[in-house]
Structures are given as structure tokens and as C-alpha cells.
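Read the structure below first, then the notes.
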Amino acid sequence: MEEDSIKKKTDQASREGRKKEEDGLLKKRKPEKSLETVATEAKSNNAPSKKVKENNGKESRVPNRNASEADGEGVALKWWEKEDDENDDVKWNYLEHKGVIFPPFYEYRKFLVKYNGNPIELTADQEEMAYYWGQSVGTDWETKEHYRANFQKEFTKTFDKKLGYTNLESFDFSDIVNYINDQREKKKAKTKEEKAEEKAKKKVKDDYYGFAIVDNDKEKVGGYAIEPPTLFKGRGKHPKAGFMKARILPEDITINIAENAPIPKCDMPGHAWGDIVHNNEVTWLAFYKDDTINTTYKYIFLAASSKFKGLSDRRKYDKARRLKDHIEDIRRDYRKKMNSKDKFEKQLGTATYLIDVLALRVGNEKSEDEADTVGCCSLRKEHVEALADNQISLDFLGKDSMRYFNTVTVDPQVWLNIKSFLEGKEPEQDLFDKINTNDLNSYLKDMMPGLTAKVFRTYNASTTLERELSKKDVSGLEIEDKMAWYNEANRQVAILCNHQKTVSKAFDVSVEKQKAKIEDMRDYLAELKSHLGKVRKGKEGLDEGKAEEAAERKFRQAGYDEKMKPIKRKFPNDVERTQRYIGDVEKKIKSKEKELQERDENKSIALGTSKLNYNDPRITVRWCKQNEVPIEKVFPKTVRSKFPWAMYSDLDWRF
DNA sequence: CTAGGAACTTAGTAGTAGTAAA
DNA sequence: TTTACTACTACTAAGTTCCTAG
């Protein structure tokens, strides 16, 4: 079941590819079922090996193969081994799945809730809301002003005005909060057996809901669970954070299946799907619209490992690669525009420059009901400053309200343009007042078919990764150093794209501990050296117990608890071994320091986003092959399962 | 030509599972 | 074996893009 080495896969793939060409078998081969396939299907009851009658009398189809398996077992023909005809208005000819699963209803427990110290009665709906508030107590959400205010508004308006229950602070939800905390404790205290049992239950659900049949393939479904109602937790200062997110019922759901596929069973008694459609020009399996928090569309799609996702992902990267052939032209062109007398052109050129050079997002308009975040086209004067020496400073909240804060030297013409665009404007006025995202994308389309602003992020990310990786020949290095180098290149991409994560609360504490431990190792090193001197002179060496006691005392004085133990002391009574120990400890200190430094550099940078969405995986695969780094060292399981199509790229592949 | 509907990609966080260190 | 920390995954929010209707 373990994945083969990449090399083996490549050989196999190219062999098969060649064979097919020779045989003229590029056309769809009738897939034969291998023994393995049959065995797998028999083992997992997810594959409908018997024809099952569903409620509309249609029969479930038996998939020929499991398309989500990338390990080569029992798969007759994989989509990435076929030519991409690019023409896929029709996404499927057959689609069958089990629909979605709903969260349990709220259980009305009649908790004791007080207002100004007096017990009050809550209806089931009120209690449910209060319960969701209780879930926020003790988290950061509890103290967020807008979240509090919105919840207060929405919750208090459910009461009769005459009661005067208007103030969130005056409510006492401790009964609810205690219950929630109890439940959390219980969850933590679960035994191995209980956990295993839960896991088994989850697997049964996964086996049932987690797969769809698309044409002849069995495909993995993405998230099929309907989001439970709760208080909306929008990022940043979202105007609607703290409001109730509605409970979704089957009537809200539209199911998309083939006409001749069985209608999935609705798991909520007394309810029925809102609609059944047979739209084979889209890839979604189910969808609903939620109007409680603005208007949001939610979809059930296939998982990232599916053909639908993989094919469009590969197209995305290939489009970004195509940009390579146009980039010089485009850069020349937008620079020309930057110099134009026409203000529209001037802004178009300047904005394109920022998107290309700083990897900014295009920045569509947003409504009043969303968090105030911006991208390139929606930058306002207050976000931009023209400094001396052709430098500009950008400071704004981007997607997910992540701060983009950067001071860069730009092209002199860009600097002049920005300065002029800023002139005479109020802080809240748009930097680019003559253009919008539509103009920008139309311009890009003219320069290259299919080109849009986001392609630049993919292009620049992948280009950066490839360039950074090639800056050093790592072939002779230890595997850890190779990985460190890969991560360093990955880091450069993450910085370019401004992919951040919040530093965990425990981070500083754990860094302090690490430092103290390194300090302790240094002490030990000094002790070893002094011990060496003594042994050389034939004198009695240091005492291990005493040294450890002293180190222990030092830790306690610094306030560390009992669990924090100093490094084990060993003072051998011969020169040779002592010297070896010295070498060992020195090495250990160095590696720990390096580790610490890396942790610090990475503490607020998220590498995963670029790995999953921006870096053409074939760059990584090639680099790994070239440097004999097993792919699983840099691509965790989920990443590998997303990119089966990339595993075959060989040594001369270039982005 | 604009607003907003529809479909799809990209994003960070919380919590859990896995693993290394002690 | 326990603890401490890291790595992953699940979840769901927040973008982009394309399109259509008014």
C-alpha cells in the first residue's frame, strides 16, 4: 500500500505511455477489472458491488475503477495519461452520489440562565443561540467588540421588549458554559476504545457519503457535511460576525445527479430535497444558498484528488507556464502604458506592474456587509505612501484581513505615477480611480488568451520556487539539509504571496524553554572541557550527579517546572571518549540552534498555501528526483493525493 | 455598463493525530 | 510510558472570474 518511489512510477508511466502510442491505443481502452480491484471493492462496502434499488427505482451503477487511487493498483487508465482535449463544457455523462449529511438538531436542555441574577426562561431557540454564545466564551471571540455587539443585538431582540433584557453583560450563562466545558473535558478524557469506535463510525459514514460515481470512475467527495448552525465567525472586522448562521434543511439543498442515477436518500425524516437537477455542465454534486449572512453559495464538490479538480489544476499551471512566452511582451506593454498621457492607460499599466511585481490580488469591489479589505484595484490613498528614493510603502488588509505591509523600491515611473494618483485625494479615495478589475482583466485577455490577474500569482510563485531551488547544488548534502533548502525556497514564495499564520500563544514560552536547554548544553560542554583537562593530567574528573544537580537547580531558579530536565551528564574517564562527547554536544548545540532559528523565521509564515495552490508540483517532483529526496519528505499525504498527475514529470521538465 | 448570480479557487484556524524526546 | 510539540486535516470563510439580465 505504501507509495512506490517516484522513479519507479516514472518508468512505469513512460513505459505505458510509449506502449499506448505504439499500439495506437490512445483511445479509451476498455478497462478490465484486475484482481486487486475486485478484491478492494469486495473489501470496502462503499463500492456498490450489487445493484441496489433506490427510492426512484433507478439502479446504482458499478464503477469500473477507482479513480482516486494514485498508487497504480487496479487502475486501468488514468486521466492524466490521456490527452487533455480542453473541450469540456460537458463535465460528465453519468453522476451518482449519496447527497449530504445534516448536523443533529439542538437538544433543548432548559439550562439555568439568569438576567441580573434572576432566573429567566429561554425558549428552545433562544437557548440554542445562548449555547452558541457559550461556545465562544473563553475564546478570543468573546472579547471581540463587534462580535459581542452583534450577538447582543440579535439575541436580545428575541425577548419581549417589556422584559428589558438588553444587555449581554447582565446575562449569566454559567450553567451553559459549565456544561460545554464538561463536554470538552469528557471528549479529552475518551479512552482509546471509545476513540477507535468513533473512528469506525466515521469510516462507515465516509464509505457511504464519501464517494461519487462519475462516468466509470469512483471518485472521492469533498466535504459532504452541511455546516452546523453557529454564530458567524467572519475574519477581521466583519460587520456580520456574531450573527446567527442558519440551520440548513434538506429543502434548501439542490442535488445534481444524472437523470438515470438513483436519487440519494435524504437522511432527515419528514423532509425532502429542495430540488433535483441534472446539470452536466457543472462539477458540483449539491448546493445551497444561505441568505442569513449576506448571500453565500455553498457547494459540495469532489475532493482535490478527483479528476475534475486535478484536470483544472493542471490547466491552471499550464496556463501560468504559457505566460512565460508572453511575459516579456506584456511587461514591455504595461511599461509603455505607464508612460501614457492617458490616465486610464497610465493606471492600467501601473496596476498591472503592482500585480506582476508584488503579486497583489486583483482586488474586486466589496459590499458594505463585508470586512473592509482590499487588493490592487481597490487600494485607497490611505494604504499607499510614496517615500524617498523611488520607494513606496503599502499597508493594507488583504484577503482574510491579513495585513500586507511592505516597503519596496519601484520603477521610477511607477513611483511618479503613484505620487500623481495620490495627489489631491482624501485618504478613503481610490488610488486607481479610473480603472476596475474588469478593465484590468480585459486588458490581460487581449495580451494572452485566458490571461487574468490571478495567473500572475501562480506564475510568479512557481518561477520563484524554481529559481530559488536552483540557486544551490544540494546533491551532496544530507537529506535534512536538502529539505531545509526546499523549505527555504518555499518560504520565499510564501513571503512573496504574503501567506501568514498567527504565532501561536505557546510559541514564546516554548522558544524560551528551547533557549534554556541550549544554554544547559553549553554548560555541559564547558564541564566536559574542564573534565578533559583533568583527565589529561591524570586527575579525578567531574562528578556526574553533582553536575546534574547544579543544572537542575539552575532550571528551578529560572522558574521552570519539574518536567524540564537538564541534559544527562556523562564524564568518561578517558581522553578519547571525552573528546568524542565534546564533538557530539557541539554538534547537537549547532543543530538545536539551527532548528530554533528556523522556527523563528517560520513562525508567522504559512508554507502550505503556496505548496497547495501556487507552486507547480512538477517543479518539486523534478527537484526531488534530481536530488534523490523522497517526495513524501516535502509533500505530505494530502498534497500527494492532490497531485498524482505531477508525479511523472522527469529530470528535464521545466516550468 | 453595472450589479449581482453562479461556480470555482484560495485562505487561515482549530483541533486532533502522530511522533520525537525525555 | 508520558509529555511536548509538530504536522495534518477538517472546516468554513473569502477571494476571483465569468456570465447574464436589466
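Side-chain atoms are counted along with the backbone in the values below, which use heavy atoms only and exclude waters and symmetry mates. Everything quoted here is computed from the prediction, not taken from an experiment. Letters A, B, ... are given to chains in the order of the sequence lines, protein chains preceding strands, and every chain is numbered from 1.
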I'd like to check the ring-ring contact (aromatic ring centres under 6.0 Å, His included) partners of F655(A); sequence neighbours left out, ordered by chain and number.
none

If the condition is salt bridge (Lys or Arg N to Asp or Glu O under 4.0 Å), which residues does E142(A) pass it with, not counting sequence neighbours?
none

Counting only heavy atoms from other residues, nucleotides and ligands, does the tally under 6.0 Å from CD of E478(A) exceed 12?
no

Report the residue (A606(A) or K91(A)) whose heavy-atom-nearest nucleotide on DNA chain B is the more 5′ of the two.
K91(A)

Identify, with sequence neighbours excluded, every residue that meets salt bridge (Lys or Arg N to Asp or Glu O under 4.0 Å) alongside D88(A).
K91(A), R315(A)

SB check R322(A) D318(A) (cutoff 4.0 Å):
no

Listing, residues 236-246 of chain A side-chain donor-acceptor contacts under 3.5 Å, not counting sequence neighbours, or none:
{"residue": "H238(A)", "atom": "NE2", "partner": "D369(A)", "partner atom": "O", "Å": "3.2"}
{"residue": "K240(A)", "atom": "NZ", "partner": "N294(A)", "partner atom": "OD1", "Å": "3.3"}
{"residue": "K245(A)", "atom": "NZ", "partner": "E227(A)", "partner atom": "OE1", "Å": "2.8"}

If a protein heavy atom is under 4.0 Å from the base, mark B; if only from the sugar-phosphate, S; if neither, -; do that for nucleotides 7-12 of chain C going 5' to 3'.
-SS--S

Which atoms of nucleotides 15-17 of chain C (N or O only) lie under 3.5 Å from a protein N or O atom, and what are those distances?
{"residue": "dG15(C)", "atom": "OP1", "partner": "T373(A)", "partner atom": "OG1", "Å": "3.0"}
{"residue": "dG15(C)", "atom": "OP1", "partner": "D400(A)", "partner atom": "N", "Å": "3.0"}
{"residue": "dG15(C)", "atom": "OP2", "partner": "K366(A)", "partner atom": "NZ", "Å": "2.3"}
{"residue": "dT16(C)", "atom": "OP1", "partner": "V362(A)", "partner atom": "N", "Å": "3.4"}
{"residue": "dT16(C)", "atom": "OP1", "partner": "G363(A)", "partner atom": "N", "Å": "2.8"}
{"residue": "dT16(C)", "atom": "OP2", "partner": "N364(A)", "partner atom": "N", "Å": "3.1"}
{"residue": "dT16(C)", "atom": "OP2", "partner": "N364(A)", "partner atom": "ND2", "Å": "2.9"}
{"residue": "dT17(C)", "atom": "OP1", "partner": "T452(A)", "partner atom": "OG1", "Å": "2.8"}
{"residue": "dT17(C)", "atom": "OP1", "partner": "A453(A)", "partner atom": "N", "Å": "3.2"}
{"residue": "dT17(C)", "atom": "OP1", "partner": "K454(A)", "partner atom": "N", "Å": "2.8"}
{"residue": "dT17(C)", "atom": "OP2", "partner": "N441(A)", "partner atom": "ND2", "Å": "2.8"}

List the residues meeting ring-ring contact (aromatic ring centres under 6.0 Å, His included) with H97(A), not counting sequence neighbours, and say none if there are none.
none

Heavy atoms, side chains only, cut-off 4.5 Å: are K482(A) and C624(A) in contact?
no

Just to verify, what does D275(A) make a salt bridge (Lys or Arg N to Asp or Glu O under 4.0 Å) with, not counting sequence neighbours?
none

Please list, in numerical order, the residues of residues 282-297 of chain A that have a heavy atom closer than 4.0 Å to any atom of DNA chain B.
V282(A), T283(A), W284(A), K289(A), Y297(A)

Not counting sequence neighbours, which residues clear salt bridge (Lys or Arg N to Asp or Glu O under 4.0 Å) with K187(A)? List them please.
none

On DNA chain B, which is the earliest and which the latest nucleotide, 5' to 3', with an atom closer than 4.0 Å to a heavy atom of chain A?
dG5(B) to dA22(B)

Using a heavy-atom cut-off of under 4.0 Å over every strand shown, decide if K316(A) touches base, sugar-phosphate, or nothing.
sugar-phosphate

Counterpart residues, ring-ring contact (aromatic ring centres under 6.0 Å, His included), relative to F301(A) (two or more places apart):
Y299(A)

How are the rings of F643(A) and Y317(A) set relative to one another: parallel (under 30°), tilted (30 to 60°) or perpendicular (over 60°)?
perpendicular

Are the side chain of K642(A) and the backbone of L612(A) linked by a donor-acceptor contact shorter than 3.5 Å?
yes

Start at the 5' end of DNA chain B and walk down; is the nucleotide closest to K187(A) or to K501(A) reached first?
K501(A)

